[in-house]
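Read through the structure below, which is laid out as structure tokens, and then see the notes.
Numbering of ligands and ligand atoms starts at 1, following listing order.
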Amino acid sequence: MALPPLMPLDEARDKLLASLPRLCQTESLPTDQCAGRILAEDVVAPINVPPAPNSSMDGYAVAFADLTNGELAVSQRIPAGHAPQPLQPGTAARIFTGAEMPPGADTILIQEDAEVTESGLIRVKEMPKKGEWVRPAGMDLEQGETILRAGSRITPAAVGVSASMGFTHLGVYQPLKVALITTGDELVEPGQPLGPGKIYNSNIQMIGTLLEQAGFEWVRMPRVEDDRQATVAALKEAVSKADAVLTIGGVSVGEEDHVKAAIESLGTLNLWRIRLKPGKPFAAAEIEGTPIFSLPGNPMSSLVTFSLLARPCLMHLQGAKYKAVTHLPVAAGFSRDVQKRDEYVRVAIIDGVAQMLVSQNSGVLSSALTADGLLHLPAFEAIEKGRAYSFMPFDSLLHA
Ligand code: AMP
Ligand code: MG
């Protein structure tokens with residue numbers, strides 16, 4: 001059987017994102033429970049933040065024009081949280097950080113620049129600039145401005161900003177339910193004896209953790225043997241239990257790889273084989289409308305295809321707008337001949353330069369502990385030492 005040509009990663013992702021639906025209902029949640037969720041509606045500021053001008057320093061609120069008139073009497077005291085009176089012309093108001101400016105004052109004379117005379121009058125030691133140390137109304141957020149966008153991930157900062165506008169609840173998407181299937185006769189779970197020919201099932205825990213971090217609800221399906229009928233049965237069950245299905249392993253071209261054939265017997269294979277190293281055998285499919293993403297089983301291949309392909313697709317299904325993983329230009333500390341696949345190599349950043357000091361074998365997961373991230377080496381070009389390539393730090397890649 002002729003294999004389909006390899007598809008570039010970006011093309012595969014764009015094609016999938018363009019064809020996948022949004023599967024999740026919306027709900028209203030208390031703001032402090034929203035971090036990590038996807039916002040279902042734009043959030044417009046109902047008020048100015050801050051609502052009124054206030055002082056950013058301890059000192060004296062004055063009308064700038066009065067400062068040239070010599071000493072000023074103190075006509076009121078305004079601690080934070082207390083309503084000011086209009087400023088009596090020709091006087092100063094004692095004021096503290098965060099306190100609202102009295103109407104009629106436009107400038108803060110900070111206390112370090114003021115001297116209090118024996119008779120309690122205020123004398124200027126150092127002239128402020130007009131308007132100095134005043135935080136105008138709406139400095140942070142302007143009433144009517146769209147502050148948060150539907151489809152964005154709610155960060156702790158977004159929770160804080162929502163609270164600063166007085167919101168108690170936000171409209172968010174419910175979490176997508178993802179069934180996770182691992183395949184392979186060789187796999188046993190940690191805690192079980194490691195018999196001959198066996199290895200521990202590390203991927204279910206790693207990818208499960210990544211699913212959880214991304215805000216999905218995930219269902220741990222029983223491990224599936226390398227058998228066509230067992231794989232078919234597992235897929236049927238997974239489809240009945242979840243909004244989307246992730247499989248790991250068994251999607252390559254070996255005799256013991258049954259995932260692709262099982263999917264094809266139940267549904268439609270939309271895409272298979274990416275111009276990517278590690279991670280070539282990635283597949284995307286659907287069974288009775290349920291999207292399926294199949295990751296190759298080598299742990300580094302699972303990690304890379306999950307982060308760069310499966311997660312963006314699952315996020316889309318959950319209502320998120322696509323957001324690329326953070327990537328920065330970093331100089332390669334090595335050169336390399338032309339290759340036919342885009343390669344994501346594990347690199348350590350040393351003195352600002354990306355070095356391939358760790359094993360690039362896709363079975364060596366521990367290299368993800370010592371590397372700082374992945375450097376993208378484009379297909380069909382010779383890689384030149386000293387030239388900048390796109391670097392994705394694991395910090396953002398694994399927590400996106
Ligand atoms: P496969 O994609 O099934 O051909 O597997 C490729 C390699 O990844 C093999 O060496 C498998 O033993 C290994 N592998 C597959 N699934 C897992 C898993 N869940 N945890 C750890 N290693 C795995
Ligand atoms: Mg296998």
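- Note that Arg273 lies outside the cation-pi zone of Phe282, set by a 6.0 Å cut-off to the ring centre and a 45° limit from the axis.
- Looking at every heavy atom in both residues, Phe64 comes nearest to Lys129 through CE1-C, 3.8 Å.
- In terms of modelled atom types and a separation under 3.5 Å, the side chain of Arg223 and the main chain of Gly184 share a donor-acceptor contact.
- Interface atoms of ligand 1 facing Thr182, defined by a heavy-atom separation under 4.0 Å, are 19 (N).
- For atom 9 (C) of ligand 1, the nearest non-hydrogen atom of the protein is Glu186 OE2, 4.1 Å.
- Of all the atoms in ligand 1, the ones that sit under 4.0 Å from a non-hydrogen atom of Asp257 are 4 (O).
- Scanning the protein heavy atoms around atom 18 (C) of ligand 1, the nearest turns out to be Asn203 ND2, 3.3 Å.
- Looking at Gly254, Gly297, Ser362, Gly363, it is Gly297 that brings a heavy atom closest to atom 5 (O) of ligand 1.
- Protein heavy atom closest to atom 10 (O) of ligand 1, with residue, atom name and distance, is Asn298 OD1, 4.1 Å.
- For Ser202, the heavy-atom gap to ligand 1 drops under 4.0 angstrom.
- Set against the non-hydrogen atoms of Tyr200, the atoms of ligand 1 under 4.0 Å away are 20 (N), 21 (C).
- Considering all non-hydrogen atoms of both residues, Met300 and Asn361 come closest at CG-O, 4.5 Å.
- Closest to atom 22 (N) of ligand 1 among all protein heavy atoms lies Ile199 CD1, 3.5 Å.
- Comparing heavy-atom distances from atom 3 (O) of ligand 1 across Gly197, Pro281, Gly250 singles out Gly250 as nearest.
- Taking CD1 of Ile95 as the start and CG of Asn54 as the end, the distance is 7.5 Å to the nearest 0.5 Å.
- Under the side chain to side chain donor-acceptor pair (under 3.5 Å) rule, Glu343 has a single partner from Arg336, Arg275, Gln360, which is Arg336.
- Only the side chain of Leu187 comes within contact range of ligand 1, with a heavy atom under 4.0 Å; no backbone atom does.
- Heavy atoms from other residues, nucleotides or ligands lying under 6.0 Å from CG of Asp351 number 12 at most.
- Distances below 4.0 Å separate heavy atoms of Asn201 from the following atoms of ligand 1: 18 (C), 19 (N), 20 (N).
- In this model, no donor atom of one side chain and acceptor atom of the other lie less than 3.5 Å apart for Arg22 and Tyr173.
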